[in-house]
Amino acid sequence: MFERRQRRAVLLLSGADALLTLAAFEAARATRGALPLREFSLEGPEAALVRVVALACVIGAGRWTGAYSRISAAKRPRPLAATARQQFWASLALLTCLYLLHFQPPVSRLFLALLFAYLSTLQALLRAGTERFRGRLTRSFGTQSAVVIVGSGRRARQLEAELESSPGGGATVLARLGWDPAAAGCAETAGPSAALEPMLLEQVVDEVLVSVPGDRLSELRDLLALCDEHGVTTRLVADFFPNRHRQVYFDRLGDVPLLTFSTAPANEAQLLLKRVGDLAVAGASLLALCVPIAVVGLLVKLTSKGPVFFRQLRCGLNGRVFTCLKFRSMVADAEARRAQLEHLNEKDGPAFKIRDDPRLTPIGGFLRKYSIDEWPQFWNVLRGDMAIVGPRPAVPSEVERYEVWQRRRLRMRPGLTCLWAIRGRDRLGFDSWMQMDLEYIDNWSLLLDLKILARTVPVVLSGRGAG
């Protein structure tokens, strides 16, 4: 399914779940009230709050588990398995939220059990019906398209197979026209547009999907002009440049059209939300930690000679150099003594790490184990040098020794935590750090940031994996 249509399907499924949750809520409330058991009451503001929390938990769990994308793309029984995972996390989230809200008296457990029993039944019925009548539903929402594929070779055949393998997925292949004039059944000088034009006149064609070798892009002009005259949507397969890690999108500079290839997240709206969230978390953290920060600063000053804060140049977004702040956890001349300890380095690549570093101050090991030394970096987040979640900032001397493929990790703002922090921290090798940072960049989303944050808290509190 085309990605835009996939997003539309996700939106529809989210809306359907909202309606089903409200229906299940009212059914559970009516059933529990009719049972001859202990008195039950859920009315007014309390009922409204539980409704809102239940909606947020169900839809949030659907997005978190990827249930909506799986249901809109997969075949049974996978949609039902995805629904079961969604229900498990939604129920766990709702119970946690209700516990934190401290309802008095507590919300009836039987009511909650009935809520999820009804919701599970309704979701199973809806999604089984959606799977069975997917094609009819797709047409009802006006998303079924008649597509002509223009192109030869493996990629054109792959596109045709992809569209035909998902019946009801939004597109029907009318024909595949070879790119070579002879294969298209037209004159040597005419190109495939000569074979396409009668189809546009005689049949309903919604879209033309073009796959053309990179060395023949100049031959597209007539074909694109023909589709433009007929008002037919045209999609061009943009694999004529190496773009294994790239996102491709269209942009304009004034009146000049630009085809943009980006190796890092480029959704301006989501990146703006990420920055707003960073500011909120960093500001709230500095306010909440102002007293502990003062206490730690005093302890650092009393237990060793030197400044409270350790300032070091680090590489930020796209290699911009900034001053990174940390509580000093080593002796004041630690950098000067590093050369004497190179033979003890336990890390591969350009990284430097010693488990029982002799340069640590009396409280330095404790500060590092629980990441307390990194609290001042919330100030770096406020300044815009760093983010809450992102690849850890590297020192320039390390970056100079990067292999070419490793430099791509600089294409996103560095952060306080990332995938490696929840998968082993300092126990990981240097290449594993790099690969996880690239995995994060390639799969970034706001939801992924939330997942990493949620898993970082218990890892930091336990001190697991810290060197």
Side-chain angles (χ1 to χ4, degrees), residues 7-141 168 447 450-451 454:
R7 290 198 295 266
R8 181 161 47 188
V10 169
L11 181 61
L12 288 172
L13 286 165
S14 301
D17 266 3
L19 295 176
L20 294 182
T21 302
L22 292 175
F25 184 94
E26 297 305 326
R29 188 167 65 160
T31 302
R32 176 62 184 87
L35 292 175
L37 301 173
R38 192 169 56 183
E39 183 180 353
F40 168 76
S41 175
L42 187 60
E43 303 291 342
E46 182 182 68
L49 181 57
V50 176
R51 279 194 201 94
V52 171
V53 174
L55 285 170
C57 291
V58 171
I59 296 175
R63 300 297 296 268
W64 177 284
T65 60
Y68 298 140
S69 57
R70 291 190 181 99
I71 291 166
S72 59
K75 297 180 180 180
R76 287 186 297 175
R78 291 180 181 177
L80 298 183
T83 301
R85 283 192 294 272
Q86 178 190 2
Q87 285 296 315
F88 171 78
W89 288 109
S91 59
L92 185 62
L94 180 58
L95 289 172
T96 302
C97 290
L98 294 179
Y99 172 78
L100 295 175
L101 290 171
H102 295 294
F103 279 103
Q104 293 298 331
V107 178
S108 167
R109 295 177 183 177
L110 179 56
F111 161 77
L112 295 174
L114 288 168
L115 168 62
F116 282 101
Y118 284 138
L119 181 57
S120 299
T121 303
L122 291 173
Q123 282 184 321
L125 291 173
L126 175 69
R127 289 170 182 177
T130 300
E131 180 66 29
R132 182 175 181 180
F133 301 108
R134 180 183 290 181
R136 188 178 303 172
L137 290 169
T138 302
R139 288 189 295 272
S140 298
F141 283 100
L447 184 58
L450 292 175
K451 289 181 178 180

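Only a predicted model underlies this, so the values are computations on that prediction, with no experimental measurement involved.
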Engineer: Please enumerate all residues that pass side chain to side chain contact (heavy atoms under 4.5 Å, CB included) together with L95, with sequence neighbours excluded.
Structural biologist: L112
Engineer: What I want to check is whether the side chains of T65 and R85 have a donor and an acceptor closer together than 3.5 Å.
Structural biologist: no
Engineer: Return the OG1 to CG distance between T21 and L94, rounded to the nearest 0.5 Å.
Structural biologist: 10.0 Å
Engineer: For R32, run the side chain to side chain contact (heavy atoms under 4.5 Å, CB included) check against L110, L115, L42 and tell me which one passes.
Structural biologist: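 When side chain to side chain contact (heavy atoms under 4.5 Å, CB included) is applied between R32 and each of L110, L115, L42, only L110 qualifies.
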Engineer: Can you name the nearest heavy-atom pair linking L119 to A24, along with the distance?
Structural biologist: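 Minimum heavy-atom contact is N-CB, 3.7 Å.
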Engineer: Which heavy atom in C57 sits nearest to a heavy atom in C97, and how many Å separate them?
Structural biologist: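 Taking C57 first and C97 second, the nearest heavy atoms are SG-SG, 4.2 Å.
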Engineer: Any chance CH2 of W89 has more than 12 other-residue heavy atoms, nucleotides or ligands included, within less than 6.0 Å?
Structural biologist: no
Engineer: Under the rule for ring-ring contact (aromatic ring centres under 6.0 Å, His included), what residues qualify as partners of F25, not counting sequence neighbours?
Structural biologist: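 With neighbours one apart ignored, the set is F111.
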Engineer: Step by step, would you call Y99 with T96 a side-chain contact (heavy atoms from CB on, under 4.5 Å)?
Structural biologist: CA-CA 5 Å; Y99 172 78; T96 302; 5.7 Å; no
Engineer: Are there more than 12 heavy atoms of other residues, nucleotides or ligands under 6.0 Å from atom CZ of R63?
Structural biologist: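 Open: at most 12 neighbouring heavy atoms sit under 6.0 Å from CZ of R63.
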Engineer: Carefully, step by step, assess Q123 and V58 under the rule side-chain contact (heavy atoms from CB on, under 4.5 Å).
Structural biologist: CA-CA 11 Å; Q123 282 184 321; V58 171; 4.2 Å; yes
Engineer: To the closest 0.5 Å, what do you measure between CG (L125) and OG (S120)?
Structural biologist: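 Going from CG on L125 over to OG on S120, the span is 11.0 Å.
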Engineer: Apply side-chain contact (heavy atoms from CB on, under 4.5 Å) to L122 and L126, showing your working.
Structural biologist: CA-CA 6 Å; L122 291 173; L126 175 69; over 6 Å; no
Engineer: Taking all non-hydrogen atoms of both residues into account, name the closest pair between S91 and F116 and its distance.
Structural biologist: CA-CZ, 3.4 Å
Engineer: Give the minimum heavy-atom separation between Q86 and A61, together with the two atoms involved.
Structural biologist: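 Heavy atoms only, the tightest pair is O-CB, 3.5 Å.
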